[in-house]
K.L.:
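Below is the structure I would like to discuss, written out as structure tokens.
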Amino acid sequence: MLESYTITLEVKRYDPDTKLTWMQAYQVEASGILRFVDVLREINDEQDPTLAWPSSCEHAQCGSCGIIVNGKPLLACELLVKDAVEQFRTHKFRLRPLTIAPVLRDLVVDLEKAYDRVHKAKPYLIKPTSPHPDGDEYRIAPKTLEMYSEATRCINCFCCATACISSHHHFLGPNATMANMVRLMDPRETAKKERMDILYRENNVYRCHTARACSFVCPKEIDVSHFLALGKEGRF
Amino acid sequence: MGEALTIDSTLRCDVLVIGAGGVGLRAATQIGEHRPGTRIIALTKAFSPQKSHTTTAQGGMAAVDPKDPVDRPIFHMFDTWKGSDCSADQNVVKKVCDMGWEEMVWLERHGMHFSRTEEGRIAKRPFGGHMLNFGETKAFRACYEADRTGKGIMDTVWAECLKYGVNFIGQCIATEILFKDGHCIGTIIFRFPEGKFLAILAKATIIATGGKTKMYLVSSNCRGNTGDGLALALNAGLPVMDLEAVQFHPTGMVGPGILASEALRGEGAILRNKDEEPFMERYAPTAKDLAPRDLISRAIIQEIREGRGLFHEGHNAHHVWLDLRHLPKEVHEKKIQEVCSFFKRFVGVDPEKDLCPVTPTAHYQMGGIPTNEFGEVQGDTQGIVPGLFACGEVAAASLHGLNRLGTNSLLELITMGRVTGERVIEYLKDAKEPEALSPGAPHMVFDQFSTYLHAQGKEKYAQIRDTLRNLMMEKVGIFRTEKPLQEAIEELRELKERATHIPLAATSLRANQDLWQLWELNNLITVSMVIAQGALARKESRGAHFREDYPKRSDEFNYHTLVYMPQFNEVSFGKRPIDMSIFEAKGEHFELFDYIEREY
Amino acid sequence: MEKTLRVTRVESCIISLMGRFPILSYYANSRGWSFLISWGHRLAGLALVGYVFAHIYTLSLLFTPATFDADMKFLHNLVFTFLEWALAIPLIFHSLNGGRLILYELFHVREDEIVIRWMVILGLIYIFILGFFFIAQSPQASVPLFWSITLVVSLVVFLLVVNKIWRTGNSILWKLQRITAAFMIPMLLGHMLFMHINYLTGHDSKTILLRLQDPFVKGMDLVLIVVLLFHAGYGVFSIIADYIEPGPLNKSLTCLVIIVMAISGYFGIRLIVAL
Ligand SMILES: Cc1cc2nc3c(=O)[nH]c(=O)nc-3n(C[C@H](O)[C@H](O)[C@H](O)COP(=O)(O)OP(=O)(O)OC[C@H]3O[C@@H](n4cnc5c(N)ncnc54)[C@H](O)[C@@H]3O)c2cc1C
Ligand code: HEM
Ligand code: HEM
Ligand code: SF4
Ligand code: F3S
Ligand code: FES
């Protein structure tokens with residue numbers, strides 16, 4: 001239980017003042033049950049307070065802490081050291097910032113900018129149906145809800161968008177496209193035409209080539225590509 | 001960094017929301033929906049409002065459908081009153097409980113993905129302290145979206161705000177509230193990416209910065225919950241109320257303190273001690289595992305103290321068990337999927353097969369910036385501060401008194417958010433555009449930041465942070481006593497002083513995490529001081545505040561504690577009476593809204 | 001959601017073999033095999049585009065049969081024979097994988113792993129059959145029979161996909177790319193197979209010219225070239241759209257693709273019609 005590991009983190013660093021980029025290695029003695037955010041904090045505390053890294057909730061619910069570890073975009077707050085050693089079969093990890101938005105410093109990227117894509121997908125009900133005659137909630141059968149409720153679990157961590165074969169450019173990205181899909185499948189939405197216009201635009205579903213890296217990396221284990229394919233199939 | 005700090009530019013708006021969490025954005029949507037064209041700016045520390053802490057709330061929010069055949073709003077009011085240990089304000093309790101269902105429908109109509117019953121209606125589950133017929137049996141009252149209810153709310157209000165064109169500014173901290181002739185006129189913010197100060201001038205300002213329990217070693221709160229809003233208010237000379245009431249959630253996962261939602265117990269999970277005895281039966285014979293949080297947290301610590309707890313070597317912590325093994329597979333997979341995956345990921349146990357180690361974790365602040373039932377901030381006992389509003393966890397209206405029932409907080413967000421929004425619309429009718437700031441005027445935040453930037457000494461940020469967390473956990477935690485509290489106050493003074501001798505490793509203003517955290521640390525120390533002072537002054541036990549030297553509730557303290565601390569060492573106290581309007585109205589069952597015994 | 005597939009011993013051998021290439025295993029571990037397959041699909045598509053240009057060029061030599069035969073003789077050595085056989089690999093991979101993508105995206109087939117497994121198995125079988133015909137140098141197949149069967153199968157696949165996606169809101173061009181893809185699966189696989197069955201004779205100008213006198217074969221080839229150039233053109237356009245945002249650069253590149261495809265089309269069609 002108390003197993004401890006000597007791990008090396010090679011972090012890609014960036015200083016916005018000098019605009020320099022370099023790799024820096026940190027050696028840490030870490031207990032296996034620490035998460036990568038804990039390790040980064042430890043580096044701050046004991047070795048280098050200038051190393052910047054993102055996080056907020058620190059329990060895999062907000063999607064602030066996405067970074068790339070040995071090529072895989074993931075949430076630093078849910079990767080335990082022992083799992084990382086097992087998964088990547090090494091004690092040496094290369095940490096890079098997500099590639100989906102400009103880097104602010106070290107591992108922190110400007111997700112605020114990345115969010116513009118999600119905003120374009122209009123994650124709200126554009127035109128809700130008329131209310132239930134009794135004045136209370138609209139009725140949705142659990143079966144109907146189940147068709148898309150997985151997709152509502154997305155926390156917009158942009159791991160999928162980072163991994164995707166084509167979302168580094170102007171593709172809205174797997175998560176934004178999926179957000180639009182949710183409302184297409186939502187029986188309360190009546191503006192289906194507008195939603196389809198968003199979906200079948202050149203910057204949207206045609207940019208997905210079913211590389212399925214999105215589903216592979218999604219920390220919430222959402223089968224993102226399934227929802228994108230539903231869009232192509234026109235099944236919503 | 002030789003050059004002087006300056007305000008880079010000024011933005012103007014009608015409404016400024018400091019803290020784009022659930023409540024801030026619920027208020028914003030109210031304004032956007034009913035007063036189209038209002039210029040609204042919403043600030044958040046995170047990258048996006050969606051990343052606010054509300055997103056992590058799991059269990060559900062209570063609301064009684066007035067057409068419900070068995071449940072009634074008055075039961076809900078009673079539970080809230082009793083849960084608060086007779087210290088909530090009854091005008092607010094009544095208002096919130098009456099509005100609850102309407103707000104639930106509002107959320108549903110605006111796109112929240114509630115879990116559904118077979119008939120397609122919003123599903124409900126039981127939760128701690130919520131009962132039928134004034135405490136008889138558990139009530140199905142908490143509406144939920146699987147175990148991501150907070151996320152459902154956050155996604156809904158955030159997306160609605162997009163629709164109304166609310167302007168979000170992320171990655172910033174509000175560092176100082178601006179006043180002119182007693183009116184609040186906006187704030188100064190500091191942006192992380194560019195490291196620039198901006199002034200935002202607004203006709204109305206809403207503080208909604210959420211919780212603050214990051215000063216405790218074990219905490220369910222997010223990295224940014226550092227009591228900023230409270231510190232802003234205190235620095236502005238405003239009082240804060242009931243801060244001594246800190247809720248410890250009984251079931252934090254051993255280790256990171258991540259919350260194992262009460263929804264688990266709502267679905268039937270059972271707490272067990274070392275001998276696998278379901279010990280809550282001894283402490284709360286009726287409510288058992290669904291007793292209010294303060295009772296269960298104390299019960300767990302009691303079990304541990306009496307040697308019936310366990311010790312987790314990996315995390316070096318004492319704990320008890322939460323048993324989920326008997327729950328149907330269907331529940332594991334559909335209703336509590338998220339939380340179960342936490343246990344698997346963070347603790348390495350499979351809740352379907354193993355017992356899960358849990359321990360109390362600092363979770364929620366009942367107190368906050370005192371407001372009236374409309375969300376208007378009170379400067380002293382009654383008068384309000386024009387142009388300044390507060391709601392949500394950072395505010396105390398007070399719905400929760402000294403103890404909150406699970407699910408009532410999310411309810412508070414959507415009800416008080418709306419009420420505050422409505423009040424702001426009223427206020428905007430004849431509010432004037434604030435005058436421009438005079439250039440070069442001195443600002444407190446510049447002093448603070450220059451101190452940090454020029455600090456000399458040998459102190460270390462991490463050391464002070466850890467000392468603070470241990471200190472608060474030990475001496476101002478679940479059980480409190482006179483002497484340790486006094487010691488804590490002394491040590492906090494020392495920490496505050498030491499914190500001025502932390503030299504920054506880098507003094508660039510741009511994306512400087514170190515600088516940002518130092519500012520937060522100072523807020524934590526400030527707020528901790530008020531918690532300790534309040535705890536020392538309240539010589540009784542009520543709700544979440546438990547004094548071992550005064551283990552009984554005392555009528556002498558039937559009031560809310562107000563603490564002023566314009567300077568760190570200048571503490572003064574005030575009192576605010578508890579509103580008893582349900583009792584005084586002498587309506588049906590009014591006698592239950594007196595200062596009653598609290599047993600479960 | 002997805003049923004996890006038990007990996008057979010053979011597969012785990014293959015995977016661990018492929019794992020020897022650090023770049024492959026790096027992406028397989030960090031993005032998944034599907035991601036690598038997608039890159040493979042793209043590269044194969046581009047390789048095929050290149051081949052088609054070369055192909056039309058060599059075929060255009062048929063106008064002067066002597067040059068064609070001379071060239072063919074020159075190309076007719078072991079190395080080139082092997083290369084021709086190897087060409088089947090990108091083709092078969094792109095075709096079968098294209099089929100898989102169509103199944104996944106349009107026919108809701110989510111057992112992707114099983115489909116991939118079948119893709120690999122069928123692909124290997126196909127390639128070995130080709131190789132077998134190469135070595136065995138077996139007699140000619142009946143031209144009309146072979147092509148009638150291929151055409152019928154192609155039309156069936158074609159109609160299935162048309163029926164499935166025609167009413168969706170996807171852009172016409174996108175739909176046509178999928179439809180043409182489906183049509184080409186039997187067509188192109190047949191084309192390759194045929195050319196290999198008739199390996200020796202297929203390569204000399206006389207046989208080809210004789211065959212091309214048949215209006216049926218002419219018609220088939222015409223359809224094939226149009227369909228293929230459209231598909232390839234849209235494919236290249238799609239890659240451009242992935243990397244270059246809408247704007248002047250995107251527009252000019254798109255125009256360039258259209259022009260190049262049109263010119264190849266012109267030469268290809270003239271060839272078939274005139275010969
Ligand atoms: C793990 C967990 C589970 C919970 N589960 C439940 C539950 O099941 N039911 C229930 O009723 N309650 C629950 N709660 C409580 C409830 O979620 C919170 O009380 C509520 O979300 C607080 O909302 P808020 O809008 O006030 O604040 P928050 O959502 O915390 O938002 C605060 C916002 O203010 C911003 N901010 C903070 N400081 C500054 C600053 N200085 N400048 C600018 N912006 C700032 C933050 O970035 C954030 O955007 C839970 C809480 C936690 C931690
Ligand atoms: C034989 C049957 C074929 C099938 C079933 C097929 C199928 C497909 C499919 C489904 C795609 C879309 C991939 C995507 O965008 O997600 C595609 C793309 C493409 N195809 Fe084909 N194809 C075939 C033959 C060809 C041929 C012969 C060529 C070249 C001459 C070609 C060139 C391309 C190109 C360049 C792309 C774009 C690749 C990309 O976007 O990454 N294809 N093909
Ligand atoms: C190595 C194997 C191949 C051989 C020997 C071969 C041979 C030929 C021949 C002899 C023709 C003339 C028409 C005919 O006889 O029917 C032809 C036409 C054609 N081939 Fe191939 N081919 C091969 C592979 C391919 C591949 C891989 C493609 C697709 C990428 C392809 C696409 C075409 C097309 C589109 C035509 C029609 C040409 C036109 O109309 O101008 N061929 N091929
Ligand atoms: S789909 Fe998954 S990986 Fe993508 S943003 Fe959402 S949670 Fe993250
Ligand atoms: S990785 Fe990208 S290509 Fe499509 S299936 Fe996922 S969005
Ligand atoms: S910090 Fe919130 S998901 Fe990791």
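Chain naming here is simple, since letters A, B, ... match the order of the sequence lines and numbering starts at 1 in each. Because the structure is predicted, anything quoted here is derived from the model rather than measured.
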K.L.:
Let me know if C/Arg42 has heavy atoms under 4.5 Å from chain A in its side chain, its backbone, both or neither.
P.N.:
side chain

K.L.:
With a 4.5 angstrom heavy-atom cut-off, could you sort out which part of C/His41 is near chain A: side chain, backbone, both or neither?
P.N.:
neither

K.L.:
Verify whether one side chain among C/Thr180 and C/Tyr234 offers a donor that lies under 3.5 Å from an acceptor in the other.
P.N.:
no

K.L.:
Relative to chain A, which segment of C/Leu36 carries a heavy atom at a distance below 4.5 Å: side chain, backbone, both, or neither?
P.N.:
neither

K.L.:
Scan A/Lys122, A/Lys192, A/Arg188, A/Glu194 and name whichever one has a side chain to side chain contact (heavy atoms under 4.5 Å, CB included) with A/Arg183.
P.N.:
A/Arg188

K.L.:
Give me the ring orientation class for C/Phe128 and C/Trp85: parallel if the planes are under 30° apart, tilted from 30 to 60°, perpendicular past 60°.
P.N.:
tilted

K.L.:
For A/Glu233 and C/Lys164: C-alpha separation, side-chain torsions, deciding distance, then whether salt bridge (Lys or Arg N to Asp or Glu O under 4.0 Å) applies.
P.N.:
CA-CA 8 Å; A/Glu233 193 187 344; C/Lys164 183 75 201 179; 3.4 Å; yes

K.L.:
Just give me the residue among A/Gln87, A/Arg235, A/His168, A/Glu221 that pairs up with chain C most often, heavy atom to heavy atom, under 4.5 Å.
P.N.:
A/Arg235

K.L.:
For C/Ile37, which atoms come within 4.5 Å of any heavy atom of chain A: side chain, backbone, both, or neither?
P.N.:
neither

K.L.:
Can you tell which of C/Ser34, C/Ser30, C/Ser171, C/Gly32 has the highest number of heavy-atom pairs within less than 4.5 Å of chain A?
P.N.:
C/Ser30

K.L.:
Taking the six-membered ring of C/Phe35, is the NZ or CZ of A/Arg212 close enough (under 6.0 Å from the centre) and on axis enough (within 45°)?
P.N.:
no

K.L.:
Give the ring-plane orientation class for A/His226 versus C/His108, where under 30° counts as parallel, over 60° as perpendicular and anything between as tilted.
P.N.:
perpendicular

K.L.:
Please classify the contact between C/Trp39 and chain A as side chain, backbone, both or neither, with a heavy-atom cut-off of under 4.5 Å.
P.N.:
both

K.L.:
Between A/Lys232 and A/Cys208, which heavy-atom pair has the shortest distance, and what is it?
P.N.:
NZ-O, 2.9 Å

K.L.:
Is there a donor-acceptor pair closer than 3.5 Å between any side-chain N or O of A/Arg207 and the backbone N or O of A/Glu202?
P.N.:
yes

K.L.:
What part of C/Lys175 lies closer than 4.5 angstrom to a heavy atom of chain A: side chain, backbone, both or neither?
P.N.:
neither

K.L.:
Under a 4.5 Å heavy-atom cut-off, does chain A meet the side chain of C/Asp242, its backbone, both or neither?
P.N.:
both

K.L.:
For C/Ser25, does its backbone N or O pair with a side-chain atom of C/Asn29 as donor and acceptor, under 3.5 Å?
P.N.:
yes

K.L.:
Need one label for A/Leu230: side chain, backbone, both or neither, based on atoms under 4.5 Å from any heavy atom in chain C.
P.N.:
both

K.L.:
Can you tell which part of A/Arg201 gets under 4.5 Å to a heavy atom of chain C, answering side chain, backbone, both or neither?
P.N.:
neither

K.L.:
With a 4.5 angstrom heavy-atom cut-off, which part of A/Cys214 approaches chain C: side chain, backbone, both or neither?
P.N.:
neither

K.L.:
Can you tell which part of A/Ser225 gets under 4.5 Å to a heavy atom of chain C, answering side chain, backbone, both or neither?
P.N.:
both

